[in-house]
Amino acid sequence: MKFNYLILSWFDRNKRELPWRNTRNPFHIWLSEIILQQTRVDQGKNFYLNFIKEFDTVKDLALADEQKVLKLWQGLGYYSRARNLHYTAQFIDKELNGVFPDSFIELKKLKGIGDYTAAAIASIVYNEAVPAVDGNMFRVFSRYYNIENDISNSQTKKIFWELGLEIIDQKRPGDFNQAVMDLGATICTPKLPKCDICPLNESCEALRLNKVLALPVKTKKIKVTNRFLHFILIKDEDRIALSKREGNDVWKNLYTLPMLETISDLLDHEALIEQSLHLELSFISEEKHILSHQNLFIKYYTLQSQSENITRLRNITDFEWVKLNDIENIPLPKPIEKFINYHFFD
DNA sequence: TATCCGTGGTC
DNA sequence: TGACCAAGGAT
């Protein structure tokens, strides 16, 4: 097939040299695929190198504490990836006798591995001819074949899956999937695509119809909510108070300074907090931290007359004392990491 | 199934 | 500078 020949010969000449290329170690490929979910290569590369430096095998990862895994993941975001990675390593170690599943169907049963990741691992490591339907595949295929289905619609994924099953190279399925991803990341990009040097430019339908930038069609926009978070710095000699975040919310199982949340940005919300909780707070600084779907308006405070207020605070939000020297083992969200580094380590 | 889950880069 | 995007998955 023309598409396969063109993209594979382009891949053979232009593929990026990456740390997880030139290996078919399932643990390494799995780790790289989890790290790269919704994450650029430039951002994930060093995390991959740090992980394999720390964990050489699935068993090494399974035997580690979740906190250590989350600390290595600190700064990468989407922390459920790290929790599921750790959970699945323990599952493989205990329930599968350390044997990595070797088919798309079996891989998909693992926590944190969906259609895309199962196909990527199965094709790259085990030569199974299943298409890796990700954002790149949506873009490259929608443009090349002029597919106008809305990729925001979850039913659209099935159309691309079926098309991928037909097109995927039977002899080199792993290279085919990686070729589509490399082309999508470097040539067939969302903005400023390099159609003039694209190996597919003579047969690309979107280019012929002059609608490259109109594809893929994506209608849904994410809804962003505002949250107002108030973090309280409590220091006692060489220790500070930290709270482990629980429940299904952002930064689950990471640690922050003890926190209060208000539901609106009232002009006098500092005073409101102080009155309702009988805490005397001193403002330190503020910042806006943007998540994919939340704007976090963050303020930092210290407690006045600390000894009188700590007991009251403990009734509202639980916390534990952590020595500053032990912070290096505590997973922290980006804004808390920045705050602590600024005040204690820089 | 629509929504939730991070961070950094780009224009 | 705000909006969009980046090798998605769980619920």
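Just so it is clear: chains get the letters A, B, ... in the order the sequence lines come, proteins before strands, and each one is counted from 1. Side-chain atoms are counted along with the backbone in the values below, which use heavy atoms only and exclude waters and symmetry mates.
Between E148(A) and K211(A), at least one side-chain N (NZ, or NE/NH1/NH2) sits under 4.0 Å from a carboxylate O, which counts as a salt bridge. Salt bridge annotation for K59(A)-D93(A): present, with a cationic side-chain nitrogen under 4.0 angstrom from a carboxylate oxygen. With respect to E287(A) and K338(A), a salt bridge is recorded, a charged nitrogen being found less than 4.0 Å from a carboxylate O.
Using a 4.0 Å heavy-atom criterion, one finds that D42(A) contacts no nucleic acid atom at all.
When each of dA7(C), dC4(C), dG8(C) is scored by its nearest atom to the side-chain atoms of T117(A), the top-ranked nucleotide is dG8(C). Counting only heavy atoms from C-beta on, N84(A) has its side chain closest to dA10(C) among dA7(C), dC5(C), dA10(C).
Side-chain contact between T23(A) and I29(A) is present, with heavy atoms from C-beta onward closer than 4.5 Å.
Between I234(A) and P258(A), the closest heavy-atom pair is CD1-CG, 4.2 Å. Considering all non-hydrogen atoms of both residues, I240(A) and L257(A) come closest at CD1-CD2, 4.4 Å. The minimum heavy-atom distance linking F339(A) with S285(A) is given by the pair CE1-OG, 4.0 Å.
Under the ring-ring contact (aromatic ring centres under 6.0 Å, His included) rule, W73(A) has a single partner from F47(A), W251(A), Y78(A), F51(A), which is F51(A). No option in L163(A), L215(A), V140(A) other than L163(A) meets the side-chain contact (heavy atoms from CB on, under 4.5 Å) test with Y145(A).
If you check residues 157-168 of chain A against DNA chain B, you find no residue with a heavy atom closer than 4.0 Å. Of all the residues in residues 10-20 of chain A, not one reaches under 4.0 Å from DNA chain B with any non-hydrogen atom. Within a heavy-atom distance below 4.0 Å of DNA chain B, no residue of residues 126-147 of chain A is found. Residues from residues 65-73 of chain A that place a heavy atom under 4.0 Å from any atom of DNA chain C: there are none.
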For nucleotides 1-11 of chain B, read 5' to 3', which letter fits each nucleotide if B means a protein heavy atom sits under 4.0 Å from the base, S means only the sugar-phosphate is that close, and - means neither? -S-SBBBB--S
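Both A118(A) and P190(A) lie close to DNA chain C; mapped to their nearest nucleotides by heavy-atom distance, the more 5′-ward contact belongs to P190(A). Judged by closest nucleotide on DNA chain C, T189(A) is the one of K111(A) and T189(A) placed further toward the 5' end.
Separating the P atom of dA7(C) from that of dT3(B) is a span of 23 Å, rounded to the nearest Å. For the P atoms, the distance from dG9(C) to dG8(B) is 22 Å, rounded to whole Å.
Aromatic pair F138(A)/F160(A): centroids less than 6.0 angstrom apart.
Residue L49(A) qualifies as enclosed at atom CG: its count of foreign heavy atoms under 6.0 Å is above 12. The number of heavy atoms from other shown groups lying within 6.0 Å of CG (D196(A)) is above 12. Counting heavy-atom neighbours within 6.0 Å of F344(A) CZ, excluding the residue itself, gives a total above 12.
Straight-line distance from the NZ atom of K218(A) to the C1' atom of dG8(C): 11 Å, rounded to whole Å. At whole-Å resolution of the value, CG in N295(A) and P in dT1(C) are 15 Å apart. Note: CH2 (W30(A)) to P (dG9(C)) measures 14 Å, nearest angstrom. What separates NZ of K45(A) from C1' of dA7(C) is a distance of 14 Å, to the nearest Å. The CD1-C1' distance, from I113(A) to dG9(C), rounds to 11 Å in whole Å. Spacing between atom CG of L85(A) and atom P of dG8(C) amounts to 16 Å, rounded to whole angstrom units.
Inspection of the Y255(A) and S243(A) side chains reveals no N or O donor paired with an N or O acceptor under 3.5 Å. Side chains of D60(A) and T57(A): a donor on one and an acceptor on the other come within 3.5 Å.
Judged as a ring pair (Phe, Tyr, Trp, His ring centres under 6.0 Å), the pairs with a partner in residues 88-121 of chain A (not counting sequence neighbours) are, in order, W30(A)-F100(A), F104(A)-W161(A).
Note: the hydrophobic cluster containing L213(A) does not contain L183(A) (ILVMFWY, side chain heavy atoms under 4.5 Å, direct or indirect links).
OP1 or OP2 of dC4(C) has at least one side-chain nitrogen or oxygen of K221(A) nearer than 4.0 Å.
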